[in-house]
2 protein chains.
Amino acid sequence: MAETEVSRAAGVGVATVSRALAPDPHPDVSAAKRERVREAADLLRYRPSGAARALRTGAYHALSIVLPDDAWGWWEPTVRSSFLAAAEEGHHVLVHPIGGRTGGAATAVDSLADVPTDGVLLFGSANDDDVLRASNRLRLPVVTIDDVNENVLFPTLSVDNRAGAQAACEHLIASARRRIVYVGTGSASELFVRERFAGYRDALTAAGLAWDERLVVQSPEAADESIVTLSGVSQLIITGVRFDAVFCEYDLLAAPLLRTLRLAGLRVPEDVAVVGFDDERAAQLLDPQLTTMRQPYGELGHRAVELLLDRIRGNAPTVGRQLIRPTLVQRHSG
Amino acid sequence: MAETEVSRAAGVGVATVSRALAPDPHPDVSAAKRERVREAADLLRYRPSGAARALRTGAYHALSIVLPDDAWGWWEPTVRSSFLAAAEEGHHVLVHPIGGRTGGAATAVDSLADVPTDGVLLFGSANDDDVLRASNRLRLPVVTIDDVNENVLFPTLSVDNRAGAQAACEHLIASARRRIVYVGTGSASELFVRERFAGYRDALTAAGLAWDERLVVQSPEAADESIVTLSGVSQLIITGVRFDAVFCEYDLLAAPLLRTLRLAGLRVPEDVAVVGFDDERAAQLLDPQLTTMRQPYGELGHRAVELLLDRIRGNAPTVGRQLIRPTLVQRHSG
DNA sequence: GTGAAAGCGCTAACAT
DNA sequence: ATGTTAGCGCTTTCAC
């Protein structure tokens, strides 16, 4: 059902149909005619051609989200809020998993050449030269959400991991904990890891607590989610190093950590308070339910879309990082 | 950079450019010319217009996925495998969260009127008259993934919940468990709930185990994920009803269940074996890691896309349900 | 306030 | 094997 047929049925010109049915309806159409057109369109079950529209106007009103392969881990809700934000602005959203392509994100962006899209929201890869090249080649603006890479080549949104970690530890300190263990994977190549560790130190320093190297437990093996316990923590307990709290680099570490503490007969939070970071869905399934820093998922998605639309509208690309603070969610572990 | 300019730069006609650069390149182009065209296109950073292409061919080569609103969906991996399957078939994927629209899925489908898409993959709502109407109105084929509604109006994919539940319980029986508790939410309006319960009974019957009504524990309050323990199970223990295994209607129930058992001093799996259903990501974060029936996420997504493409290509719409069997994943809870 | 007509960039039919 | 041309369905001047 093309516009022509609606115009014929309504007894008006095609231009009037177009004006009456435009996304933001044209003011120069009399209410009467608009009504006539709408009726005819309904009757004919007219469906405007997005293709013709896009061809004519040069804008797809569509955004692309490029996801790494493990993507809908913690940021699923961020993707969701992007959808909502985009919809509010009248844009569709296409989702493209990188999907094991050799070349990673850059290849994925490259393959957007024949995708009807106006811009790209990329998770991670904020420092990827090849993505920048692809972006320039296709004249496709890119915005990233990334807290892994230090140097960024695009407008980038990140969680304020340092402030978040500090807040988490300060919460522990406020409930009279003095010997706080830091549990991490030791993968210092990732920015968020360094930042969270820095936040931990910030909190201890600010509170004037003594620094004890032994309280820093790095468990590279915990990168495997299916791990059962954290040997580093068992070690600590066996060696008799005293501690009354643990800050987990991220929520998923809390699962093996809690098993380890339980095995050792330590009660949470009575003997040891535990705080995580992320507020993944899993956080409240753990036993006890995990107190944690919640990622600002919703805000991340919303602001990313706004940033991207800004760029699409031709505004200056402010390359650089914008930080958003996470918030404490208190549950039962500390 | 339109095709014309590439044709000019390469010194060939537009048709040749079109043929050389088509998604599935036309055979009738000499290798030499194709190379010339490609080079010119690269140089000019030519990007084909998806709009013009779609306008001309009448196909968007795009599918839409309509998602319910729950923040953390169990279907996440299914959506991912749909992306991959669609990409393999040269289709883009648009994602549309229902997003609190009044009217739910039907309104969401309705609003696809001006979305450049060829078909819809809908999670849930397989029995929704209004969706059917919208689908007809827009002449947009719909395929659903749904195991909540009994009557389906579209080609529908479902997990074989009954066979799955039976397999789960048979696994328990095979390890010499004889008194198996069924823990559910009692929301019998949902098909998968009835089916899983039926599968439980099937298994008991097949094994010739006595039926004990007291072993069926319905905990409506567990619909709230943040619940800590299951009072129905505590009750059972207090009352002195003996049992040596629990089948959970779905994985998330295992979190409060395991807390309840632990509180009562029961060891898992020594005293009580526990098996869940879904194999959500959370399953292996529980303590002990949960043995469960894994939803066939990948197959669900792949087959749904194939089904949809089939319909788009004009093949007969086989309204009705297709079942896919889940598989047992043995971990440490039973 | 409304209509007539041009043209967005591509592909397919036809001609060579 | 390649060039020429018409036209997909819309929006946007430009008339009136």
Side-chain angles (χ1 to χ4, degrees), chain A residues 1-38 40-41 44-62 90 92 113-118 138-140, chain B residues 1-38 40-41 44-62 90 92 113-118 138-140:
Chain A
M1 300 315 86
E3 210 174 55
T4 332
E5 318 182 26
V6 178
S7 90
R8 200 166 323 149
V12 303
V14 281
T16 305
V17 175
S18 175
R19 289 192 267 254
L21 266 30
D24 20 42
H26 207 94
D28 291 355
V29 193
S30 68
K33 280 236 156 105
R34 169 167 298 136
E35 208 30 56
R36 263 232 310 284
V37 171
R38 273 210 221 290
L44 292 171
R45 307 194 298 173
Y46 166 69
R47 198 176 149 213
S49 155
R53 215 170 244 182
L55 177 55
R56 186 57 237 236
T57 62
Y60 293 111
H61 294 287
H92 310 304
D114 55 2
V115 173
T117 191
D118 300 318
L138 304 177
R139 295 191 181 75
L140 217 42
Chain B
M1 302 314 88
E3 209 173 56
T4 331
E5 317 180 27
V6 179
S7 91
R8 197 163 330 146
V12 302
V14 281
T16 305
V17 175
S18 175
R19 289 191 269 255
L21 265 30
D24 19 43
H26 206 93
D28 291 355
V29 193
S30 69
K33 280 239 156 102
R34 170 167 296 134
E35 208 30 56
R36 261 230 311 284
V37 171
R38 273 210 220 290
L44 292 172
R45 307 194 298 171
Y46 165 70
R47 199 177 148 212
S49 156
R53 218 170 241 181
L55 177 57
R56 183 61 236 237
T57 61
Y60 293 110
H61 294 287
H92 310 305
D114 55 2
V115 174
T117 191
D118 300 318
L138 303 177
R139 296 191 179 76
L140 217 42

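Chain naming here is simple, since letters A, B, ... match the order of the sequence lines and numbering starts at 1 in each. Computed from a prediction, not measured in an experiment: that's the story for all the values here. Only this structure's heavy atoms are used, side chains among them; waters, hydrogens and symmetry mates stay out.
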Can you tell me how far the CG atom of A:D118 sits from the NE2 atom of A:H61, to the nearest 0.5 Å?
-> 7.0 Å
Any chance you could measure A:L44, atom CG, to A:E3, atom CD, to the nearest 0.5 Å?
-> 12.5 Å
For B:R34 and B:T16, indicate whether the former's side chain and the latter's backbone hold a donor-acceptor pair under 3.5 Å.
-> no
What's the CG-C1' distance between B:D28 and D:dG3, to the nearest Å?
-> 14 Å
Note: B:A20 and B:V29 closest approach over all heavy atoms is N-CG2, 4.2 Å
Reading 5' to 3' through nucleotides 7-16 of chain D, protein heavy-atom contacts under 4.0 Å coded B for base, S for sugar-phosphate only, - for none | BBBBBB----
From CG of A:D114 across to P of C:dT11 the rounded distance in Å is 10 Å
Does A:S30 place a side-chain N or O at less than 4.0 Å from the phosphate oxygens OP1/OP2 of C:dG1?
-> no
Within this structure, what is the CZ-to-P distance between A:R36 and C:dG1, rounded to whole angstrom?
-> 16 Å
Nearest 0.5 Å, what's the NZ-CZ distance between A:K33 and A:R19?
-> 10.5 Å
Side-chain heavy-atom pair A:R47, B:L140 within 4.5 angstrom cut-off = yes
Is a donor on one side and an acceptor on the other found under 3.5 Å between the side chain of B:T57 and the backbone of B:R53?
-> yes
Axis-to-axis angle across the helix from C:dG1-D:dC16 to C:dT16-D:dA1, five pairs each end, nearest 10 degrees, ~ 30°
Phosphate OP1/OP2 of D:dA1: any B:K33 side-chain N/O under 4.0 Å = no
Enter the distance from A:Y60:OH to A:L55:CG here, rounded to the nearest 0.5 Å.
-> 8.0 Å
